[in-house]
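Okay, structure first, notes after.
Quick caveat, the model's predicted, so the values are computed rather than measured.
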Amino acid sequence: MSGTSLGTQPRDTPPTPVPVGQVTETCLVRVAGPSPDHVSALAQCPDELPPILVHRPTMQVIDGAHRLRAARLRGDATIGVRFVDGTEEDAFVLAVSTNVTQGLPLTLADRTAAASRILSSHPHLSDRLIASTAGLSTKTVATIRQRATGEMTQLHARLGRDGKVRPLDASHGRTLASQAISKNPDLSLRAIARIAGISVGTARDVRERMRRGEDPIPLRHRLSAGHRVEDNAPENSASGNNTGGDNRTNGTPRLERDRFLLSLRTDPSLRFSEIGRALLRLLDANTLDTAQWDRLAAAVPQRWSPVVADLAMDCAADWSALACRVRDQVRVSA
């Protein structure tokens, strides 16, 4: 019998018939245990039950506890098994990911408990990776991590969904990048990223900030890293001078934004092209005053708050990337 890595589900390996008495019923991911109604429904199926996943070292079911009970209820002597190897902690992660995407849905309590256990056994995994594994929002996982921080080992980096390791405190990498740029302004973005241990996108943002005379470390990173923010810093300007729900760094005053938008709307190159009109509509939709942003935030149902917050952050990142591209075009044409 061949095993497989816990990194992927062994879909393509042929199942091995195993006596049902040799497999442990331990329900890894369901707080309330298997559902008797679901077991009964599966037992009434006349067809052969689909194979189950079993952790070879412990013979515990990773995915298929309901099918195993149904096989016993039907009096089946054996059940098809696909084996996986690895640690019990990795087996639990695989159990969660497989049960989230198929079979009887996991309850919120199941998914929350699963995320908490994964955070304890795999603290190096990013919030996004754990969220996608457990079927939760990134914000929910971050909240669970924050509550459990005192019980977990403090790490300086996390593994993301793309397999890349990223530092938790980006301020150090940004500082190294700014130093490298100061010494050699002609360095490529890839060279800066390699020297500082940051992404190319972060290197671009550091260089843009330095060209505008700004701090290469954004306010949110300075606050999270415990850096002191002066009372007269630009970030602490009155909220009425900026658009958005909180104080923005280097924001354009509201009246000036309105003048810019009016000029853009009268530009024929934008008004008479489809893509130009799309840009104007997006800019109009995102240019709200503080009260309007507050009303939007208040209108979000509490159950959707983590999801909306993640989507808003993703949109903000997209706008930031657009700003970098537009500024790059200005430099190229200059």
Side-chain angles (χ1 to χ4, degrees), residues 4-11 23-42 50-55 58 60-70 82 84 86-153 155 158-163 166 168 300-314:
T4 185
S5 169
L6 281 169
T8 56
Q9 299 179 33
R11 299 291 189 188
V23 183
T24 304
E25 259 189 62
T26 304
C27 193
L28 295 179
V29 297
R30 299 184 188 275
V31 175
S35 165
D37 291 341
H38 192 56
V39 171
S40 178
L42 288 173
I52 62 176
L53 292 184
V54 173
H55 183 224
T58 62
Q60 288 185 347
V61 177
I62 291 177
D63 177 52
H66 290 103
R67 279 166 276 163
L68 178 62
R69 285 199 174 189
R82 289 193 173 102
V84 294
T87 66
E88 289 188 57
E89 291 77 12
D90 287 340
F92 179 76
V93 174
L94 181 57
V96 174
S97 63
T98 52
N99 279 274
V100 161
T101 57
Q102 63 187 27
L104 188 67
L106 296 179
T107 66
L108 177 59
D110 294 335
R111 289 177 279 127
T112 302
S116 181
R117 178 170 169 179
I118 295 173
L119 279 167
S120 179
S121 63
H122 296 72
H124 61 287
L125 299 183
S126 71
D127 292 343
R128 286 187 180 274
L129 180 55
I130 295 175
S132 66
T133 300
L136 295 169
S137 72
T138 305
K139 184 68 174 292
T140 299
V141 174
T143 301
I144 297 172
R145 187 192 293 272
Q146 189 174 19
R147 288 202 300 263
T149 295
E151 305 170 8
M152 298 190 312
T153 302
L155 302 176
R158 291 181 192 159
L159 177 67
R161 294 174 61 183
D162 56 3
R166 294 180 175 84
L168 293 182
V300 177
Q302 188 173 5
R303 65 182 182 279
W304 288 109
S305 293
V307 175
V308 173
D310 287 345
L311 290 173
M313 292 298 293
D314 289 341

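With hydrogens and angles disregarded, no donor-acceptor distance shorter than 3.5 Å links the side chain of T112 to the backbone of A109. Judged purely by atom type and a 3.5 angstrom limit, D110 uses its side chain to pair as donor or acceptor with the backbone of T107.
Scanning all heavy atoms of the two residues, the minimum distance from A134 to V96 falls at CA-CG1, 3.8 Å. Minimum interatomic distance between G86 and H55 (heavy atoms only, all atoms of both residues): O-NE2, 2.7 Å. Residue R145 comes nearest to P123 through the heavy atom pair NH1-O, 3.1 Å, listed as atom of the first residue, atom of the second, then distance. Residues I62 and V84 approach most closely at CD1-CG2, 3.0 Å, considering heavy atoms. Nearest approach of T138 to D310, heavy atoms of both residues: N-OD2, 3.2 Å. The minimum heavy-atom distance linking L129 with L125 is given by the pair CD2-CD2, 3.6 Å.
When side chains are defined from C-beta on, T24 does not count as touching T58, because their heavy atoms never get closer than 4.5 Å. A heavy-atom distance below 4.5 Å is found between the side chains of R30 and H66.
For S35, there are no side-chain hydrogen bond (donor to acceptor under 3.5 Å, both in side chains) partners at least two apart in sequence or on another chain. Here S121 pairs with E89 under the side-chain contact (heavy atoms from CB on, under 4.5 Å) rule; sequence neighbours left out. In this structure, the side-chain hydrogen bond (donor to acceptor under 3.5 Å, both in side chains) partners of T140, at least two apart in sequence or on a different chain, are S137. For S40, the side-chain hydrogen bond (donor to acceptor under 3.5 Å, both in side chains) partners are Q44, not counting sequence neighbours. Applying the side-chain contact (heavy atoms from CB on, under 4.5 Å) test to A70 and every residue at least two apart in sequence or in another chain returns V39, L42, A43, L49. Taking the side-chain hydrogen bond (donor to acceptor under 3.5 Å, both in side chains) definition, one finds that R111 meets it with nothing, sequence neighbours left out.
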*Please report the C-alpha distance between V100 and T133 in whole Å, then the side-chain angles of each, then the deciding distance to 0.1 Å, and finally whether the side-chain contact (heavy atoms from CB on, under 4.5 Å) criterion is met.*
CA-CA 7 Å; V100 161; T133 300; over 6 Å; no
*Audit row: H122, D90, side-chain contact (heavy atoms from CB on, under 4.5 Å) steps and yes/no*: CA-CA 9 Å; H122 296 72; D90 287 340; 2.8 Å; yes
*Step by step, work out the side-chain contact (heavy atoms from CB on, under 4.5 Å) result for E25 and V61.*
CA-CA 6 Å; E25 259 189 62; V61 177; 5.9 Å; no
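Atom CD1 of I144 and atom CG of D127 lie 9.5 Å apart (nearest 0.5 Å). Rounded to the nearest 0.5 angstrom, I130 CD1 and I118 CD1 are separated by 6.5 Å.
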